[in-house]
Amino acid sequence: MNQIAKDVSLALFDRLESEVRSYVRSFPVLFDRGAGTTLTAADGQEYLDFFGGAGALNYGHNNPAFKQALLDYIQRDGIVHSLDLATTAKKAFIEAFERYILKPRGLTYKLQFTGPTGANAVEAALKLARQVTRRSNIVSFTGAYHGVSAGGLAATGNKEMRAAAGFPLANVTSLPFEGYLGDSFDTIDYLEKLLEDPASGLDTPAAVILEVVQGEGGINVASVKWLQRLRELTARRRILLILDDIQAGVGRTGTFFSFEASGIVPDIVTLSKSLSAYGTPMALVLIKPDLDVWTPAAHTGTFRGNNLAFVTARAALETYWADSKFENEIALKSGILAKELEAIAGEYPALGLGVRGRGLMYGLVSPTDHSLPARVSKEAFSRRLVLETAGSYGEVLKFMPALTIEEAELRRGLSVIRDSLRSVYEGAAAGQ
Ligand code: PMP
């Protein structure tokens, strides 16, 4: 008994890992195995995962559809590391990406493989936009999250993260996202006015960077109309549009790209997180061909060729994106998630809870009691459901289950949420 208790202790992390660690503080368990949407801790307890690696596990943990391809590749000594050398694994991925993603959508992007994290892709996108336009300013939006390296951080809203940079984050102007100032304030009109007025104080930007559904910012959804107007405005003024699809892409909002419903074509798209399909690092920048002004080796990185990621990414495209079956399944589960969350919100009129999202990326918003989501998340974790919070004040409970989740698991997780919210609500009422 003592031996087991010792083995699952997190004391080592407390003693030796930097204070910067975050998720482990909310979910203080020693995890060991993952399969689909189930996490198994070292003590044998099972957890249901509605956190989804913050968007990196859209196909669940260790999806069996890709596992064998990965094992076979390792078994036959397939190249693992290759910088940007040509490999068979990379070639097969590019072929699959063109066949299953680009061609059916009529897209003609060129592919830039960057270092393996989302921030690497964002840095490359910003750098390229500045090179192409020879302008330095970038417009980003309130609530945005684009990574914590210097360029992406300058375009990120979060005050604490910005403060950690230790130097002024320049060359980005943050403007209101759709709905930031209420429904009656038109934020595209505002942007247009600033661009048009020679005395507005806004330096004409190289690019506007945005997420269609702001993940960390609290599941703020840009409408189709707003996106279309933004595209029209940026195109008319020769400002590039960078679509950061690192979290909302790869099926999360119901289609491969989050912008598909709007019909817009961004100039540059960043992808990472679930692109590799197996939780392994990989990032990609999609560039309209006429904007590909890079000179050889102008932007590099040692880990641009994670071939293990190419193998599973290709397998995922073949398995899930060859036809519309997967998208239909996501739509079905999205309907269940939205309906159940609405029902849960409706059970507590006094809390004024709201529901927003798209696909399987949803938020339960607590507009008055901002600490409620964290308390519900904690209670849910004690019932072995993992889900995080988001938003400026942590006012959003964030639902990001694997897109491959079984309907029964989805309903089970939602019933844990219902019980957790009741317990937190009744506990608070009893404490008053
Ligand atoms: N952009 C978006 C929209 C993100 O959600 C994230 C990660 N949460 C990033 C960029 C940065 O990705 P990474 O953490 O892999 O650097």
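As the structure lists them, so they are numbered: ligands from 1, and atoms in each ligand from 1.
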- prompt: Would you say R238 has more than 12 foreign heavy atoms packed within less than 6.0 Å of its CZ?
  reply: no

Ignoring hydrogens and angles, write down the donor-acceptor pairs under 3.5 Å from the side chains of residues 202-211, residues two or more places apart or on other chains.
unit_1, atom_1, unit_2, atom_2, d
E211, OE1, G215, N, 3.3
E211, OE2, Y145, N, 3.0

Residues pairing under side-chain hydrogen bond (donor to acceptor under 3.5 Å, both in side chains) where one sits in residues 150-159, two or more places apart or in two chains, turn out to be none

Side-chain donor-acceptor contact under 3.5 Å, E178 with S223: yes

Please tabulate, for side-chain N and O atoms in residues 86-102, each donor-acceptor pair with protein atoms closer than 3.5 Å (sequence neighbours left out).
unit_1, atom_1, unit_2, atom_2, d
T87, OG1, K90, N, 3.0
T87, OG1, N307, OD1, 2.6

Parallel, tilted or perpendicular: ring planes of F51 versus Y23, cut at 30 and 60 degrees
tilted

Provide, line by line, the atom pairs where ligand 1 and the protein bring an N/O atom each to a distance under 3.5 Å; else say none.
unit_1, atom_1, unit_2, atom_2, d
ligand 1, 1 (N), Y145, O, 3.3
ligand 1, 1 (N), D244, OD1, 3.4
ligand 1, 1 (N), D244, OD2, 2.6
ligand 1, 5 (O), Q247, NE2, 2.7
ligand 1, 8 (N), K273, NZ, 3.0
ligand 1, 15 (O), G118, N, 2.8
ligand 1, 16 (O), G118, N, 3.4
ligand 1, 16 (O), A119, N, 2.8

